[in-house]
Amino acid sequence: MDSDIRLLSDLAPGQQAVISAVHADEALHQRLVALGFRIGRNVLLMRRGRWAGPLQVRLGATDVMLRRAEAGLITVRAA
Amino acid sequence: MKRIALLGMPNTGKSTLFNRLTGSSARVANWAGVTVDLASAKILLGGHMAEMVDLPGIYDLHGFSDDEKVVRHFLEAHAIDVLAVVVNATQIERQLPLVLQARSLGLPLVLLLNMADAAKRHGMQVDTARLAARLGLPVVMISAKYGTGQAEALRVLAHSLDAALEIGPARHAALKSVLSDDVRIERETAEMMAEAVTQPLLLPEQVSDRIDRLALHPWLGLPLFFVAMLVMFQAVFWLGAPLQQGLTGLFDQLRQSALEPLAAVLPDFVRGLLLDGVYAGFVTVAAFVPLIVLFFLFMALVEDSGYLARAAFLTDALMGKLGLDGRSFVMVLMGFGCNVPAVMGTRMMRERPLRLLSMLVIPLSLCSARLQVFLFIVSAIFRPAQAPWVIFGFYVASFATMILTALLFRGRFRNTEPFVVELPPWRVPTLRQVWMRGWLEVRHFLSRATRFIVLGVIAIWLLTNLPAGATPGSVATLAGQLGTLFAPILAPIGIDEKLTVALLFGFVAKEVMIGAFAVIYGLSGDALAHEFARNMNWVQAVSFMLFTLIYTPCMSTIATIKIESRSAAFAALSVLWPLALAWFTSFVFYQGMRLFIGG
């Protein structure tokens with residue numbers, strides 16, 4: 001069970017997962033939640049930017065881009 | 001099984017509390033009546049299992065955002081035994097209204113005052129007993145972060161669940177009637193939207209994804225974006241140049257056939273001021289309006305389509321290395337229209353160092369006023385086939401100065417701002433939408449331009465014609481004296497006395513500069529362009545344009561930077577650094593080229 005917990009930043013393009021926790025400070029947490037990063041939601045990694053660029057993820061009908069550092073604050077588990 | 005729902009505003013630590021109370025047993029599920037998945041978990045409370053549901057954070061139970069509708073639909077469709085309202089104790093004044101709204105639902109309620117630790121640190125004290133008595137419901141101080149008050153919260157929840165047993169299903173009907181008004185409003189809104197409002201055409205997801213596969217392609221994405229920009233500038237040129245020539249001809253005719261005969265009765269000095277000053281200056285600027293209009297229309301098209309957000313995605317890695325982020329790049333692109341709104345746009349960044357670094361970089365972007373100056377000089381000096389490439393070269397130079405500036409200053413303005421931005425779907429902008437946006441920008445440009453230009457050209461005419469008796473434009477005039485004063489600094493970069501005066505006024509607003517040329521040379525239209533080409537070679541022209549591109553933000557931009565940064569010292573830096581960079585760049589170019597081609 002624990003083995004399939006990992007970071008959003010570790011997903012490969014086309015891979016889907018479920019958000020299990022968000023470890024951000026208050027301000028960033030609020031922003032993430034406003035964009036749809038809620039625990040239990042499905043998240044699909046669309047693509048990873050070149051040269052360690054941002055990630056494009058899909059939450060429902062919303063697409064969000066975020067840097068790998070921020071994606072590293074979000075833990076996910078297998079869908 | 002009994003059911004407890006967690007309700008609260010965003011950023012109250014509700015989800016942290018949910019995680020803490022339920023451990024890692026949370027499961028996501030579809031709930032009837034709501035469109036999104038909600039997290040829920042089973043927990044043991046006072047001897048029986050209960051289900052806990054984490055509702056989306058909302059500000060208003062009767063509001064109409066998507067999340068607010070979800071909460072309402074959930075409460076309508078599912079029986080709740082206890083509603084636990086989580087409130088951020090440090091913002092209790094702002095959040096209590098939600099508790100009172102929830103109380104009117106008639107459900108058994110528990111109030112959990114979270115962030116007790118932070119409230120205590122802020123010196124806040126909450127008399128929970130008095131608050132509980134006043135609200136008529138149990139109140140518990142907790143800290144979801146540290147787990148304090150957790151046992152007490154669980155005990156109160158268990159107690160409320162037991163008490164909830166006695167309340168029958170009639171309550172659910174009462175709740176529905178409380179919410180029925182909102183449901184009616186929702187339905188009516190939806191009906192009216194469907195009947196009367198046409199929203200911008202969103203491309204279907206598959207099409208949008210297919211475009212993204214190309215536009216955000218790992219290798220092709222960035223080159224494609226720059227090609228698109230190049231095509232856009234070519235189109236502006238191609239469509240705008242004939243319009244500009246037509247307009248210039250029209251203004252010349254008006255002057256010869258109507259204004260000159262009319263002004264013949266006026267004294268020489270007044271006639272000169274009106275015709276060679278105000279009129280010549282104004283029409284030289286006005287002739288560029290079609291190009292500026294086209295430029296803004298195309299920018300609006302790019303922005304409304306969703307391409308700018310893609311540009312942020314494509315450039316973020318690079319911008320990150322410069323201490324900036326993808327949003328700074330978008331602001332720089334906006335700065336190509338006008339620096340002022342771009343500087344104001346940095347408000348969306350939270351960390352001050354990132355804002356300041358962006359504000360230092362943005363004024364180096366080649367705004368439409370500078371574009372107008374370059375278009376004039378380039379078309380006077382270069383062949384039509386070369387002109388677009390020279391202009392494009394200045395955009396490249398503009399980027400180069402920004403990159404250099406960011407590299408030099410990123411250490412001073414170090415930041416850790418998170419980069420989390422929505423990537424909107426591709427849209428097909430309607431003509432009307434593009435026209436409205438473009439027109440707004442053009443109007444802004446025109447009002448700024450006319451304000452400075454009329455005053456500017458009058459001042460320049462006076463400088464180049466006073467003291468009385470001096471040959472206009474000669475070294476004996478005030479302008480000539482100013483030029484001589486600055487000659488030791490500007491001669492080494494190939495800028496003569498006449499252009500020096502134009503530069504001085506360009507500091508006020510770059511739009512004034514070509515109006516200034518017209519006044520300084522006492523010519524307009526084609527005659528001015530010929531005189532210009534006779535007076536300087538291409539190396540001098542490029543050196544002058546490089547200096548104009550970089551040397552200082554215009555006064556409006558400086559004022560905006562001062563207001564946005566709330567620092568006179570920073571505003572001073574935003575003037576002095578580009579001035580130094582401009583001189584150095586022009587010096588290296590001018591002297592280098594002279595050595596190279598032996599000029």
Side-chain angles (χ1 to χ4, degrees), chain A residues 1-2 4-5 8 13-14 16-44 46-79, chain B residues 9-16 18-19 22 24 26-29 35-41 54-57 66-67 88 115 118 145 202 205 208-209 212-213 216-219 221-222 309-310 312-321 325-326 350 416-425:
Chain A
M1 175 74 199
D2 270 356
D4 66 28
I5 289 183
L8 177 59
Q16 203 156 12
V18 176
I19 296 173
S20 55
V22 178
H23 309 274
D25 66 37
E26 257 182 62
L28 179 56
H29 191 271
Q30 183 179 19
R31 175 138 191 77
L32 288 170
V33 169
L35 285 168
F37 289 90
R38 278 203 305 274
I39 289 158
R41 276 200 85 175
N42 272 300
V43 54
L44 169 67
M46 299 293 291
R47 57 171 52 79
R48 307 170 68 95
R50 265 207 92 63
W51 304 299
L55 311 178
Q56 179 191 352
V57 300
R58 179 162 292 172
L59 299 134
T62 308
D63 278 17
V64 175
M65 50 183 157
L66 74 172
R67 281 189 178 162
R68 289 167 200 216
E70 279 75 52
L73 303 174
I74 298 166
T75 41
V76 296
R77 54 187 162 74
Chain B
M9 292 195 186
N11 196 29
T12 49
K14 193 166 58 67
S15 293
T16 314
F18 177 79
N19 284 345
T22 61
S24 59
R27 282 284 171 269
V28 62
T35 46
V36 298
D37 299 338
L38 298 175
S40 67
D54 188 18
L55 297 175
D66 285 348
D67 280 346
N88 177 346
M115 308 195 184
K145 199 161 154 191
L202 279 188
E205 201 170 280
S208 191
D209 283 356
D212 271 344
R213 237 169 282 158
L216 299 178
H217 188 278
W219 292 110
L222 214 47
R310 267 75 192 173
F313 180 87
L314 291 168
T315 54
D316 183 64
L318 190 75
M319 299 305 277
K321 291 189 179 65
D325 69 23
R350 282 186 297 112
T416 53
E417 168 108 356
F419 177 71
V420 184
V421 184
E422 189 181 342
L423 197 64

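Naming: A, B, ... by sequence-line order, numbering from 1 per chain.
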Quiz item: Looking only at heavy atoms, which two atoms of B:S208 and B:P425 are closest? And how far apart?
Solution: OG-CA, 3.9 Å
Quiz item: Are any non-hydrogen side-chain atoms of B:R350 and B:P418 less than 4.5 angstrom apart?
Solution: yes
Self-check item: Interface residue of largest heavy-atom contact number with chain B, from A:M65, A:Q30, A:R58, under 4.5 Å
Solution: A:M65
Quiz item: Side chains of A:Q56 and A:D63: does their closest heavy-atom pair fall under 4.5 Å?
Solution: yes
Practice problem: Among A:R50, A:E70, A:R48, single out the residue with the greatest number of heavy-atom pairs under 4.5 Å to chain B. | Solution: A:R50
Self-check item: B:D54 portion near chain A, given a 4.5 angstrom heavy-atom threshold
Solution: neither
Quiz item: Can you tell me if B:K145 uses its side chain to pair, donor with acceptor, with the backbone of B:G13 under 3.5 Å?
Solution: no
Quiz prompt | Contact origin within A:R67 toward chain B - heavy atom pairs under 4.5 Å | solution = both
Practice problem: Please round to the nearest 0.5 Å and tell me the distance separating atom CG of A:L28 and atom CD1 of A:I74. | Solution: 7.5 Å
Quiz item: Just by modelled atom types, is the A:G53 backbone N or O under 3.5 Å from a matching donor or acceptor in the A:R68 side chain?
Solution: yes
Quiz item: Considering only heavy atoms, which portion of B:L216 lies under 4.5 Å from any heavy atom of chain A: side chain, backbone, both, or neither?
Solution: both
Quiz item: Of all of A:R31, A:M46, A:H29, A:R47, which one pairs up most often with chain B through heavy atoms under 4.5 Å apart?
Solution: A:R47
Quiz item: When you measure from the side chain of A:S20 to the backbone N and O of A:T75, does any donor-acceptor pair fall under 3.5 Å?
Solution: yes
Exercise. Flag the one option from A:V22, A:L35, A:L32 with the top tally of heavy-atom pairs under 4.5 Å to chain B.
Key: A:L35
Quiz prompt | Interchain contact, B:M9 with chain A, by part (heavy-atom threshold 4.5 Å) | solution = neither
Exercise. Let me know if A:L55 has heavy atoms under 4.5 Å from chain B in its side chain, its backbone, both or neither.
Key: backbone
